[in-house]
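Just the heavy atoms: all of them, side chains too, but no hydrogens, waters or symmetry mates, feed the values below.
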Amino acid sequence: MRKVIYPGTFDPVTYGHIDIIKRARELFDSVIVTIARNPNKILPLFSVEERIEMLEKSLKDFDNVVVDTFDGLTVEHAKNVGAIGIIRGLRAVSDFEYEFQMALMNRKLDGNISTIFLMPHEKYTYLNSSIIRNLASLKSDVSDFVPPAVQEALINKFKD
Ligand code: ADP
């Protein structure tokens, strides 16, 4: 059973993330999409519970994908759930420097857990959650970029 984790903030999940998840689920037996509870980030727009719900609704058709959360070290979580690797998405060269450092640090922490980089379809390379939050706060249509459950949650979040 070749299991991987796909860690991130997913605030909220976009079609870019889902593209990566689809590629990962073709390559591995099981994918755990795992929300970092305590990232070094500014306050998220959505609570962890809201992010779980949006992910679960958006991924309901994928039988070998589950959603969970973790606190602390990513490699520890990978080991605890029996994963052989960590999936990360690479959109552009700008992602590379940070991702490369993190992958090498994670390998230093646990040499048995590999980081696997996947590239999304080029139509998603400019997409990130923070742009989506901004667009939605300005009441722009984000239906090309996020699943319906996320679109609905964004509309609710920003309705006045
Ligand atoms: P983080 O909080 O680590 O910046 P996110 O939660 O936004 O990351 O995303 C988790 C992972 O998904 C990261 O590897 C990130 O590079 C990747 N990712 C985010 N958006 C996209 C996208 N549009 N296409 C491909 N990968 C993406």
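- Looking at residues two or more places apart in sequence or on another chain, you find no ring-ring contact (aromatic ring centres under 6.0 Å, His included) involving Tyr15.
- Grouping the Ile, Leu, Val, Met, Phe, Trp and Tyr side chains by contacts below 4.5 angstrom, directly or via other members, places Val31 with Val67.
- A chain of hydrophobic side-chain contacts below 4.5 Å, direct or via other Ile, Leu, Val, Met, Phe, Trp or Tyr residues, connects Leu59 to Phe145.
- Residues Val4 and Ile32 form no side-chain contact, since every pair of their non-hydrogen atoms from C-beta on lies 4.5 Å or further apart.
- Between Lys57 and Glu53, at least one side-chain N (NZ, or NE/NH1/NH2) sits under 4.0 Å from a carboxylate O, which counts as a salt bridge.
- Judged purely by distance below 3.5 Å, without hydrogens or angles, the side chains of His77 and Asp71 never pair a donor atom with an acceptor atom.
- With rounding to the nearest 0.5 Å, the separation of CD1 in Ile132 from OG in Ser140 is 8.5 Å.
- For Asp19, the side-chain hydrogen bond (donor to acceptor under 3.5 Å, both in side chains) partners at least two apart in sequence or on another chain are Arg23.
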Donor-acceptor contacts, no H, no angles, side chain residues 119-126, under 3.5 Å, sequence neighbours left out:
unit_1, atom_1, unit_2, atom_2, d
His121, ND1, Lys123, N, 3.0
Thr125, OG1, Glu122, O, 2.8
Tyr126, OH, Lys123, O, 3.3

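- The main-chain N or O of Phe28 is never found under 3.5 Å from a side-chain atom of Arg2 such that the two would form a donor-acceptor pair.
- Between Ala149 and Met54 the shortest heavy-atom distance is O-CG, 4.4 Å.
- Proximity of a side-chain donor or acceptor of Arg51 to a complementary backbone N or O of Thr9 within less than 3.5 Å is detected.
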Tell me, with the steps shown, if Val13 and Ile18 meet side-chain contact (heavy atoms from CB on, under 4.5 Å). CA-CA 7 Å; Val13 60; Ile18 290 176; 4.0 Å; yes
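- No side-chain heavy atom of Phe70 sits less than 4.5 Å from a side-chain heavy atom of Arg37.
- Between Asn64 and Arg25 the shortest heavy-atom distance is OD1-NE, 2.8 Å.
- Ser30 places no side-chain N or O within 3.5 Å of a backbone atom of Lys3 that could act as its donor or acceptor partner.
- Applying the ring-ring contact (aromatic ring centres under 6.0 Å, His included) criterion to Phe10, with sequence neighbours excluded, gives Tyr6, His17.
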List the atom pairs, with distances to 0.1 Å, where a side-chain N or O of residues 79-105 and a protein N or O form a donor-acceptor pair under 3.5 Å, not counting sequence neighbours.
unit_1, atom_1, unit_2, atom_2, d
Asn80, ND2, Glu76, O, 3.3
Arg88, NE, Glu99, OE1, 2.9
Arg88, NE, Glu99, OE2, 3.3
Arg88, NH1, Pro7, O, 2.9
Arg88, NH2, Glu99, OE2, 2.8
Arg91, NE, Asp95, OD2, 3.0
Arg91, NH1, Leu127, O, 3.2
Arg91, NH2, Asp95, OD1, 3.4
Asp95, OD2, Arg91, N, 2.8

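- The salt bridge (Lys or Arg N to Asp or Glu O under 4.0 Å) analysis of residues 132-145, with sequence neighbours excluded, yields the pairs Asp11-Arg133, Lys139-Asp160.
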